[in-house]
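Heads up: the structure comes next, in structure tokens.
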Amino acid sequence: MAAPWIAPSILSADFARLGAEVDAVVAAGADLVHFDVMDNHYVPNLTIGPLVCEALRKHGVKVPIDVHLMVRPVDRLVPDFARAGATYISFHPEASEHVDRTIALIREQGCRPGLVFNPATPLDWLDYTLEKLDLVLLMSVNPGFAGQQFIAGVLPKIAEVRRRVRASGREIRIEADGGIRTDNIAAVARAGADTFVAGSAIYGSSDYAATIRAMRAAIASAHAQSA
Ligand code: DX5
Ligand code: ZN
């Protein structure tokens, strides 16, 4: 399995000091920056757009930026985020009229495409898309807000995605997002995720590095147990 990546969600950062907050999690060991885009239409909340992504790049952020689009329609924003320096761009299939076209658009724009599954969204959407994806993102909360309770029913779903990715023979990241903390991240790793989003658990802690270290230790112990 690929090396585990920790992806702090900047949704829980102090937005008045965003550049410094991103620098701080990178210095604390974050592998990528999870960037939650909400439109008050697909989800009942409103956050940040391409200008903020571009500002982080101009500020000097070098790690991959993992853009999670919770917007409808999707396509209009893809080129803007590509220009703004996004690395991954993930979207919810229900929010796109033409899923295959959106995946192709993300790729054409030089970014890595990901598909996102809400807790109740079936994995059927992977049937004709998996070979075109670089990332599958499983929501372990309903999208819209940080700080929600982890939905454990996603664990068998992660395991099913791991089986499908293994069968595909392709290198595809499996990311889990929502309610992940130091005390449940091992279960998420054991189920087969290799990329872990955490917003409130990291930004709400007093020592980002200690929290990320504890997360890595829990992931390592989960893998040691299953080896
Ligand atoms: C929820 C977002 C998440 C959120 C995670 O819609 O996609 O990325 O910021 O926050 P926590 O880790 O606090 O659940
Ligand atoms: Zn997210």
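Each ligand, and each atom within it, is numbered from 1 in the order the structure gives.
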Quick one: does M70 get within less than 4.0 Å of ligand 1, heavy atoms only?
yes
Nearest non-hydrogen protein atom, atom 14 (O) of ligand 1:
G179 N, 2.8 Å
Basic-acidic side-chain contact under 4.0 Å: E160, K157
no
Per residue D36, nearest N, O or S atom to the Zn ion (ligand 2) is named OD1
In terms of atom number and element, which parts of ligand 1 are under 4.0 angstrom from non-hydrogen atoms of V197?
8 (O)
Using distance alone, determine whether H68 and ligand 1 share an N or O pair under 3.5 Å.
yes
So, does F145 sit close enough to ligand 1 that a heavy atom of it is under 4.0 Å from the ligand?
yes
Should you measure from each heavy atom of A198, which atoms of ligand 1 turn up under 4.0 Å away?
12 (O)
Would you check whether A201 has a nitrogen or oxygen atom less than 3.5 angstrom from a nitrogen or oxygen atom of ligand 1?
no
Taking only heavy atoms of P143 into account, list the atoms of ligand 1 that are under 4.0 Å away from them.
6 (O)
Quick one: are the ring centres of H92 and Y42 less than 6.0 Å apart?
yes
Only heavy atoms of S200, strictly under 4.0 Å: list the atoms of ligand 1 that pass.
11 (P), 12 (O), 13 (O)
Starting from atom 3 (C) of ligand 1, what is the nearest protein heavy atom, named by residue and atom, and what distance separates them?
D177 OD1, 2.9 Å
Proximal ligand 1 atoms for G178, defined as those under 4.0 Å from one of its heavy atoms:
14 (O)
Please could you name the atoms of ligand 1 that M38 approaches to less than 4.0 Å, counting only its heavy atoms?
6 (O)
Please give the atom name: the N, O or S atom of H68 nearest to the Zn ion (ligand 2).
ND1
Quiz question: by atom type and distance under 3.5 Å, do the side chains of D36 and S9 form a donor-acceptor pair?
yes
Out of all atoms in ligand 1, which are within 4.0 Å of some heavy atom of H34? Include the element for each.
8 (O)
Nearest non-hydrogen protein atom to atom 6 (O) of ligand 1, with distance, is G144 N, 2.8 Å
I'd like the name of whichever of N118, D36, V37, N142 reaches closest to atom 2 (C) of ligand 1 through any heavy atom.
D36
Any cation-pi pair here, R112 with Y88, using under 6.0 Å and within 45°?
yes
For the Zn ion (ligand 2), the nearest N/O/S atom on H34 is atom NE2
Does this structure show an ion pair linking R173 with D66, if we count only N-O contacts that are shorter than 4.0 Å?
no
What atom name does the N, O or S atom of D177 nearest to the Zn ion (ligand 2) carry?
OD2
